S.K.: 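Sharing a structure, written as structure tokens. Questions coming.
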Amino acid sequence: MEVVASLSRSHPFHCPLRLRHKRSCNISQLSLSQFRACKEPFVGCSTYKQGVLWNSSTLNGASCIPRKHVCVPWYNYLQDFNQPVVHKQAKASRPVAVRSELAGTGIPDSTHMLSDITFGSRVRGIGFYAVTAIAAILLIVLMIAQHPFVLLFDQYRRRAQFSVAKIWASLTVAPFFKIEYERLENLPPPDVPAVYVSNHQSFLDIYTLLTLGRSFKFISKTGIFLFPIIGWAMYMLGVIPLKRMDSRSQMVLLVFLQPSSFRAMWQLTVILFSFFCSW
Ligand SMILES: CCCCCCCCCCCCCCCC(=O)OC[C@@H](O)COP(=O)(O)O
């Protein structure tokens, strides 16, 4: 997993985080762009052209898949926070190589065939989901119990809930992956408002980010809130819902990202996933 951080549009710097599989050298890449929106309000995206595919059947290894558009830069949306510019660029294509591959219609040399999925990989995939489900079922009780107190004493940052989420993510990841953090010191302090953009090459970036133990305000598509337990946890964590194709919902998000908005006042850190850039 790799993080790209930038404090200004002209002077980006890199602070990679790597998420390695214990048995292989495959790396799940994630890139984030971080900006102190209070000083220079803009949001950016990664320029990575390689996607990394993970699913329950391929936990034994990641398959790099080419992506035509990792994201469309958000600069055009947010050049002026007071007057957001409507992006006229053609809609970027969605990364559908995963589905194509499973349907046997993927890019020929991009991924392995279904027949390559070993029994061991299947077992590991099932094990991963079993561990994450059991951990979630146990920990959601704790989250529900402490939620009234969280709302009373820490309504905005919800640190206690993020601590539980960190435990959940750590318990899930530990048996299957070894997370190596590099240049973590380049990240701003937790109480500095910032916007991070993840290229969301796999769902593992969520686990990895949660292990940092920071009170991120994730942006999520609304459909995920419907998942039992995970959706409840997201609600209690204060995850911000976004209807991707709904212009009103998009505008609400843009207002939320303004430096003068509540985000800056609350000293929050926002996580955006880059697929939101390719509406
Ligand atoms: C005790 C249990 C604790 C559980 C904690 C759960 C914390 C979840 C953190 C919220 C992260 C939500 C991020 C969702 C991002 C998102 O919206 O992903 C959608 C993408 O995939 C692509 O969707 P699609 O293009 O439709 O395939």
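Counting convention: from 1, in listed order, for ligands and their atoms alike. Since this is a predicted model, take the numbers as computed values, not measurements.
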S.K.: Just going by heavy-atom distances, which of Phe203, Trp168, Trp232 is nearest to atom 5 (C) of ligand 1?
M.R.: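 It is Trp168 whose heavy atom sits nearest to atom 5 (C) of ligand 1.
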
S.K.: Checking contacts here: is it the side chain or the backbone of Met234 that comes within 4.0 Å of ligand 1, counting heavy atoms only? Could be both or neither.
M.R.: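 Under 4.0 Å from ligand 1, Met234 contributes side-chain atoms alone.
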
S.K.: Can you tell which part of Leu242 has a heavy atom less than 4.0 Å from ligand 1: side chain, backbone, both or neither?
M.R.: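 Answer for Leu242: neither.
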
S.K.: Out of all atoms in ligand 1, which are within 4.0 Å of some heavy atom of Met143? Include the element for each.
M.R.: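 Result: 1 (C).
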
S.K.: Could you tell me whether the side chain of Leu151 reaches within less than 4.5 Å of the side chain of Arg158, counting heavy atoms only?
M.R.: yes

S.K.: Which ligand 1 atoms does Ile206 reach within 4.0 Å, using its non-hydrogen atoms?
M.R.: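 Every atom of ligand 1 under 4.0 Å from some heavy atom of Ile206: 9 (C), 11 (C), 13 (C).
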
S.K.: Can you pull the side chain to side chain donor-acceptor pair (under 3.5 Å) pairs that have at least one residue in residues 136-151, sequence neighbours excluded?
M.R.: Gln146-Gln161, His147-Gln161

S.K.: At a non-hydrogen distance cut-off of under 4.0 Å, which region of Ser220 contacts ligand 1 (side chain, backbone, both, or neither)?
M.R.: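 The answer is both.
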
S.K.: Taking only residues two or more places apart in sequence, or in another chain, which ones meet Phe225 in a side chain to side chain contact (heavy atoms under 4.5 Å, CB included)?
M.R.: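 So Phe225 forms a side chain to side chain contact (heavy atoms under 4.5 Å, CB included) with Ser220, Met234, Val239, Pro241.
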
S.K.: Would you mind running through ligand 1 and noting each atom that sits below 4.0 Å from a heavy atom of Ile224?
M.R.: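 That gives atoms 14 (C), 16 (C), 17 (O), 18 (O), 19 (C) of ligand 1.
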
S.K.: Please report the closest heavy-atom contact between Tyr181 and Ile179, naming both atoms and the distance.
M.R.: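 Looking at all heavy atoms of both residues, the shortest contact is CZ-CG2, 3.4 Å.
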
S.K.: For the residue pair Phe153 and Phe149, categorise the inter-ring angle as parallel (less than 30°), tilted (30 to 60°) or perpendicular (more than 60°).
M.R.: parallel

S.K.: Does a side-chain heavy-atom distance below 4.5 Å link Gln155 with Val150?
M.R.: no

